[in-house]
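None of the values given here were measured: they were computed from a predicted structure.
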Amino acid sequence: MTAGEDLAARLALMVVTQARPACGRNLIDVVGECLKAGATAIQLRDKQASAAALLAIAAQLRKLSAQHDALLVVNDRFDLALAAGADGVHLGPEDLPVDAVRSVVPADFIIGFSTETADGAQAAEEEGASYLGVGAIYGTSSKPGLKDERIGVERLRDVSQAVSIPIVGIGGITPGNAADVYAAGAGVAVLAAVMGDPEPGEAVRAILNTRNTRLENPGAGTKAQRQ
């Protein structure tokens, strides 16, 4: 297994956090439940918490993710990711450029980048991105203004075929449509489908079960997977 294939496997299901899960339990317990259910990666996302509070949460999640051999990435803040010993950071178009972050982090530090186009994906790969978050696939209520913006699975497939690094589909993904995302050669990232569910662990299991229904499509996947 190549390094890219290993990372792709570890991005099979990324759970993106929200500060107050709908189930009413605290975030640390909910993440632990998701990891026990098989989540392969956690992205700590909290736009409101102070740096000190976010670091404390990241440190707790780092312990949990290590126990389950899962990845931990921090949204936006590579400095907090490094301080907490996380595996990496996830950047968006309005964050620091990928190449600027790549120039100051360890070689094995994971950098994810959000894009919705093949051109954007190729540029991020050239700058040193480790993986790409692509969406919103089915629209999303987790980010303002994106509820009705959907790029669809075909665009996801186009992005997948344009790059050699793993991709993760995000945006409106549920147990009912995750199989199509997996079939397009992508991992899955979810927020509302897990954090908004009264039983987060069961939601994780339901999404992972859809991997067994992936359609056979030799043309899908990244260039690395096709070589």
Minimum heavy-atom distance between S114 and G92, given as atom pair plus value: CB-CA, 4.4 Å
State whether the side chain of [X] and the backbone N or O of [Y] hold a donor-acceptor pair below 3.5 Å, judged by distance alone.
X    : Y    : answer
D6   : T2   : no
R102 : G128 : yes
T40  : R10  : yes
S65  : L61  : yes
S130 : G112 : no

Any chance you could measure [X], atom [atom1], to [Y], atom [atom2], to the nearest 0.5 Å?
X    : Y    : atom1 : atom2 : answer
Q18  : L44  : CD    : CG    : 12.5 Å
E202 : C34  : CD    : SG    : 11.0 Å
I173 : M14  : CD1   : CE    : 11.5 Å
L132 : L91  : CG    : CG    : 11.0 Å
L11  : I165 : CG    : CD1   : 10.5 Å
E125 : T115 : CD    : OG1   : 12.0 Å

Criterion side-chain contact (heavy atoms from CB on, under 4.5 Å) on L35 and I42, from CA distance to verdict: CA-CA 8 Å; L35 290 168; I42 302 295; 3.9 Å; yes
Would you indicate whether the side-chain heavy atoms of [Y] and [X] approach each other to under 4.5 Å?
X    : Y    : value
V105 : L82  : yes
V194 : V204 : yes
D197 : C23  : no
D95  : F113 : no
N177 : T174 : yes
V134 : I170 : no
I111 : F78  : no
T17  : Q43  : no

I28/L64 under side-chain contact (heavy atoms from CB on, under 4.5 Å): CA gap, chis, key distance, verdict: CA-CA 8 Å; I28 304 303; L64 277 176; 3.7 Å; yes
Verdict with supporting geometry, I151 and I137, side-chain contact (heavy atoms from CB on, under 4.5 Å): CA-CA 5 Å; I151 68 169; I137 306 302; 3.8 Å; yes
Ion pair check, D76 and R45, cut-off under 4.0 Å: no
Carboxylate-amine/guanidinium contact E33 K36, below 4.0 Å: no
D87: side chain to side chain contact (heavy atoms under 4.5 Å, CB included) partners, not counting sequence neighbours: R62, L71, L72, I110
Test: R211 cationic atom under 6.0 Å from Y182 six-membered ring centre, within 45° of axis: yes
Intermediate values then yes/no, side-chain contact (heavy atoms from CB on, under 4.5 Å), T117 and R155: CA-CA 8 Å; T117 67; R155 174 90 68 81; 4.3 Å; yes
Derivation of the side-chain hydrogen bond (donor to acceptor under 3.5 Å, both in side chains) call for D29 and N26: CA-CA 6 Å; D29 290 345; N26 73 70; 2.8 Å; yes
